[in-house]
Amino acid sequence: MGTGRDEVYCHGKIAALKHSIIGVVLGVLAGCTSQPEAVDAIEEIQIVKRPDFSGSWEMDYRSSDEADEKIRWQYMEALAAEERARQSEDSRYRSAALDHLRSGNLSQGIVAIGRFTEEISRADVLTIRQDPERITIEREDDYALTCEFSLAPEVDGPFGQEGCVWYGDQLIFDLKLPEGLNVRHTLSRGVDRVNLATSVYYDRIPFTLNRTYTPFVPGDEQYDCEFKVATLKTCTLGAPEQ
Amino acid sequence: MTLFRLGVFILLAGCASAPEPPPPRVPLDVPLRVSSYNGPALNISIKEFDPGVVDAVLMPIRHAEVRYMPVVLKRTLIEVGGWGAVRVLPAEDPSAEVLVLGRIIKSDGVALSLNVQVKDATGRQWFSKTYTDYAFEPYEEKPGIQKDPFDDLYNNVVNDINQARNSLSATDLESVFDTATLRYAASLSPDAFSEYFLKDETGHLQLIGLPARDDAMFVRSERIRESEYGFTDTVDEAYTLFYHEIHQTYAHWRKYSHELVLGNALLGVEERRRRSWTAAKQSFSTYKESRLNEDALRKMTDAFDAEVTPTVTSLEGTMIHLSGTLQSRYQEWRHILQNIYTAERAIAR
């Protein structure tokens with residue numbers, strides 16, 4: 001599923017040119033060298049009408065990436081690229097990218113980063129509230145992604161750099177922690193579905209998982225909890241008011 | 001200062017790379033001084049704090065803090081004693097004998113900086129001062145159970161408030177009481193009571209007379225004021241309830257923020273970049289916990305702001321229904337009292 005992140009992440013370039021693995025990996029890593037530990041900045045692209053993501057969404061497992069399969073596939077590709085890099089060891093072609101491959105860091109890193117990406121993109125349910133000023137994406141068992149559209153696309157917070165920006169009809173949330181761990185969530189809208197792509201980038205290794213969500217009406221058996229000053233937390237059975 | 005505090009202080013001082021060394025970041029160590037004051041007990045109103053300038057990412061936290069911190073100050077004032085009613089209110093209280101205004105300058109779990117302004121009913125400013133405290137020691141495993149990491153700051157503020165009050169003469173204190181009473185009466189009926197004031201060249205209100213104690217209008221305003229106290233106690237209770245509700249969540253948010261902020265300061269960005277994948281995941285985990293607490297705080301603060309459960313209160317046998325936010329209910333209540341006063345006065349004529 002094209003989400004626009006392919007232009008952003010080195011990983012996307014690999015996917016686009018997978019028929020010539022070694023060339024791609026070299027190209028990718030060379031490209032990465034110029035932006036060694038940071039996700040490329042995204043410039044806001046204005047569109048006339050922003051999509052409305054509001055609603056309750058549940059994960060569609062059939063349309064979403066299967067994490068194990070994707071990790072395995074990328075791991076095998078990385079092993080092959082590393083092997084070719086070792087075989088082509090030639091002092092005339094030394095580069096940071098080749099050294100990175102020869103060290104075996106890529107294959108090991110893909111497994112670790114892939115597992116981590118899976119772990120942080122597990123939310124089965126999204127509850128999205130959106131108005132002209134802001135959007136809040138509540139994710140089951142995870143923190144909410146929030147964006148105030150009028151604020152600067154990226155700010156230095158106490159924990160690192162955080163930001164959100166419209167990129168065409170996609171909404172991108174970026175987090176850059178000082179350790180060099182970058183996490184990007186890209187929200188896009190299809191017909192009767194939304195896609196939340198979670199991309200993790202660390203030590204020149206990218207990994208992305210796409211999760212597709214379809215609309216659902218919260219059932220009668222769901223607990224609806226709200227905080228009130230007078231009664232503290234009150235939970236009732238039934239769907240929240242839309 | 002403990003050896004740990006000293007060690008962290010030296011370490012942080014070493015991290016500084018600016019041409020001019022930053023001011024020393026020394027944690028306060030200020031015990032609460034029990035006052036020997038035995039004069040009349042003044043009422044204190046603490047207005048919800050001003051959020052100051054804050055990064056957008058911290059705004060949800062700051063919205064909670066502006067309600068939370070006044071209650072911490074209130075609890076410290078009550079602990080030391082010597083005061084009448086201490087109330088937290090959403091707006092300036094026209095009848096306040098002593099009014100405390102606060103502005104949050106910085107709050108990230110490591111540093112807390114507040115500007116506190118205290119003035120009395122005559123307009124006399126007791127002081128306006130910025131207080132800063134640091135918490136370098138690790139937070140408790142289960143934060144919020146024992147003491148506030150910045151209680152030295154609040155002790156310092158309360159000690160200064162007590163000292164300012166103790167320096168007033170008996171005449172000054174009596175003037176504060178009388179001015180507060182008359183200011184309230186004047187807020188209900190400016191034409192009847194404003195003649196008792198004179199504003200001097202410094203902007204202070206000076207009493208130039210007092211109505212007779214059995215003056216019907218004055219007695220009526222006193223009665224209305226008692227009703228207002230009943231309502232402001234309810235408003236104050238809402239703040240206390242909010243404090244208890246967010247206490248644990250806020251303490252956890254502060255603990256995670258402390259870990260992240262102090263971690264950044266101690267290690268520096270370049271050093272952190274060289275750290276391991278495990279360290280990066282740990283940092284993300286701390287970030288996530290911090291954000292989860294922030295989400296919970298945001299929900300609780302939104303609930304406080306948007307509380308629509310009507311308040312039903314009794315005023316001299318009449319049930320009054322108030323709705324809307326706490327702030328609007330407070331304004332509505334004052335408007336009702338003013339109308340009652342005006343109506344009664346018309347009947348008396």
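Just so it is clear: chains get the letters A, B, ... in the order the sequence lines come, proteins before strands, and each one is counted from 1.
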Trainee: Under a 3.5 Å distance rule, please check whether B:Asp108 uses its side chain to pair with a backbone N or O of B:Val110 as donor and acceptor.
Mentor: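 Here the side-chain-to-backbone pair exists.
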Trainee: Taking the six-membered ring of A:Phe149, is the NZ or CZ of A:Arg50 close enough (under 6.0 Å from the centre) and on axis enough (within 45°)?
Mentor: yes
Trainee: For the residue pair A:Thr208 / A:Ser199, report whether a side-chain donor-acceptor contact shorter than 3.5 Å exists.
Mentor: yes
Trainee: Please look at A:Leu175 and chain B and tell me whether the side chain, the backbone, both or neither of the residue comes under 4.5 angstrom of a heavy atom of that chain.
Mentor: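 Contact with chain B: side chain only.
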Trainee: Looking only at the side chains, is there a donor atom on one of B:Glu289 and A:Tyr143 sitting less than 3.5 Å from an acceptor on the other?
Mentor: no
Trainee: Between B:Tyr239 and B:Glu48, do the side chains contain an N or O donor and an N or O acceptor separated by less than 3.5 Å?
Mentor: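 Distance-only check passes for B:Tyr239 and B:Glu48.
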Trainee: Please determine, among B:Lys281, B:Met59, B:Arg291, the option with the most heavy-atom pairs under 4.5 Å with chain A.
Mentor: B:Arg291
Trainee: Please state whether the side chain, the backbone, both or neither of A:Glu138 comes within less than 4.5 Å of a heavy atom of chain B.
Mentor: side chain
Trainee: Please classify the contact of B:Ser290 with chain A as side chain, backbone, both or neither, using a heavy-atom distance under 4.5 Å.
Mentor: side chain
Trainee: What part of B:Phe284 gets closer than 4.5 Å to chain A, counting heavy atoms only: side chain, backbone, both or neither?
Mentor: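 Interface part for B:Phe284: both.
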